[in-house]
2 protein chains.
Amino acid sequence: MSINDLFKALSDENRRKILDLLRNGDMTAGDIAHHFEISKAGISQHLSILKNAELVYAVKRGQFVYYSLNATVFQEVLKWIIQFNSNKLEEK
Amino acid sequence: MSINDLFKALSDENRRKILDLLRNGDMTAGDIAHHFEISKAGISQHLSILKNAELVYAVKRGQFVYYSLNATVFQEVLKWIIQFNSNKLEEK
DNA sequence: TAAGTAATTAAGTAAATACTTAAATAATGA
DNA sequence: TCATTATTTAAGTATTTACTTAATTACTTA
């Protein structure tokens with residue numbers, strides 16, 4: 001996982017929508033796909049990118065794969081962003 | 001400016017490096033370009049994307065264009081990210 | 001006014017990205 | 001075992017992106 005993979009993963013609207021959905025709790029790949037117009041395969045590819053960026057966990061249970069948020073990694077992005085806002089505060 | 005433009009702007013390594021440079025103070029387009037291997041035109045295009053996302057301000061003074069950070073817009077990203085981390089805290 | 005400098009815009013290109021459909025893998029249950 | 005369901009992987013394609021060089025615009029100063 002790199003900060004670049006992270007920002008790249010977050011740069012797609014559909015992937016951000018997936019993350020938003022997962023805020024309400026774990027979901028299977030299929031459940032996630034139902035919320036989109038694009039194909040299940042397309043969603044699977046987006047999930048793979050999110051998984052590689054470690055923004056989500058994937059756990060297989062039976063024939064389903066459950067996806068959940070990994071809040072830890074969001075903190076990496078938070079740290080990056082905060083650098084810019086803290087400067088603003090110092091100026092005041 | 002949209003949250004999408006914002007994340008798209010942040011998804012490029014060179015653009016994030018430009019923002020990092022600007023943390024140390026305002027710089028002209030030329031000064032910025034000196035820190036990169038790519039052409040001045042390439043940097044100008046990156047600056048244009050950052051400007052459209054409102055991540056930077058551009059002010060022309062004489063024949064120079066001075067670029068500076070717009071910390072306000074970083075807060076938009078901050079807000080988006082914090083949604084995910086606040087959930088984490090609630091769980092604890 | 002003409003030459004030089006700073007920066008952007010235009011036009012073209014190679015690589016990356018987001019999708020598609022079809023095929024493969026894996027688990028379930030009649 | 002075989003058909004069904006969930007998901008991923010493969011292969012192909014259209015669009016977007018990040019660059020390049022050349023031309024243009026705007027300003028400065030000799």
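Per chain, numbering begins at 1; letters A, B, ... match sequence-line order. The structure displayed is predicted, hence computed values, not measured ones.
Nucleotides of DNA chain D nearest to A:Gly42 and A:Phe64 differ in position, and the one nearer the 5' end is that of A:Phe64. Place A:Arg61 and B:Tyr66 on DNA chain C by their nearest nucleotides, and B:Tyr66 ends up nearer the 5' end.
Atoms NZ (B:Lys60) and C1' (D:dT28) sit 11 Å apart, rounded to a whole Å. Separating the CD1 atom of A:Ile38 from the P atom of C:dT17 is a distance of 16 Å, rounded to the nearest angstrom. Nucleotide C:dT17 holds its P atom 14 Å from the CG atom of A:Leu10, rounded to whole Å. With rounding to whole Å, A:Lys40 atom NZ is found 19 Å from C:dA18 atom C1'. Rounded to an integer number of Å, the gap from B:Gln45 CD to D:dT20 C1' is 9 Å. If you take CZ of B:Arg16 and P of D:dA18, they are 11 Å apart, rounded to a whole angstrom. Nucleotide C:dA15 holds its P atom 17 Å from the CG atom of B:Asp12, rounded to whole Å. Atom CG of B:Leu47 and atom C1' of C:dA6 are 13 Å apart (whole Å).
Within 4.0 Å of B:Ser48, counting heavy atoms only, lies no atom of the nucleic acid at all. Counting non-hydrogen atoms under 4.0 angstrom, B:Gly62 reaches the backbone sugars and phosphates but no base. At the heavy-atom level, B:Arg15 lies under 4.0 Å from the strands shown only through sugar-phosphate atoms. Among the heavy atoms of the strands lying under 4.0 Å from A:Ala41 is at least one base atom, whether or not backbone atoms are also near. Looking at heavy-atom distances under 4.0 Å, A:Lys8 makes contact with sugar-phosphate atoms alone, never a base. Nucleic acid contact class of B:Tyr67 (heavy atoms, under 4.0 Å, all strands): sugar-phosphate only. In this structure, A:Gly30 reaches the sugar-phosphate backbone alone: every heavy-atom distance under 4.0 Å involves primed, P, OP1 or OP2 atoms, never a base.
Of the candidates C:dC19, C:dT21, C:dT8, the closest approach to any side-chain atom of A:His46 belongs to C:dC19.
Residue B:Thr28 places at least one side-chain N or O under 4.0 Å from the OP1 or OP2 atom of C:dA7. In this structure, A:Ser39 reaches the C:dT20 phosphate: one of its side-chain N or O atoms is under 4.0 Å from OP1 or OP2.
In terms of polar N and O atoms assigned as donor or acceptor, the side chain of B:Gln63 comes within less than 3.5 Å of the base of C:dT5 in a complementary pairing.
Of the candidates A:Arg16, A:Lys17, A:Arg23, A:Asp20 forms a salt bridge (Lys or Arg N to Asp or Glu O under 4.0 Å) with just one, namely A:Arg23.
The closest side-chain heavy-atom distance from A:Leu10 to A:Leu55 is below 4.5 Å. Here the side chains of A:Leu69 and A:Phe74 are in contact, with some heavy-atom distance below 4.5 Å.
Using modelled atom types and a 3.5 Å distance limit, the side chains of A:Asn4 and A:Ser2 yield no donor-acceptor pair.
For the atom pair CG (A:Leu50) and CG (A:Asp12), the distance works out to 8.5 Å, reported to the nearest 0.5 Å.
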**Message:** Could you go through B:Asp5 and B:Lys8, starting from their C-alpha distance and side-chain angles, then the distance that decides it, and tell me whether this counts as salt bridge (Lys or Arg N to Asp or Glu O under 4.0 Å)?
**Reply:** CA-CA 5 Å; B:Asp5 291 337; B:Lys8 280 264 192 298; over 6 Å; no
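With a cut-off of 3.5 Å on both pairing distances, the Watson-Crick or G-U wobble partner of C:dT20 is D:dA11.
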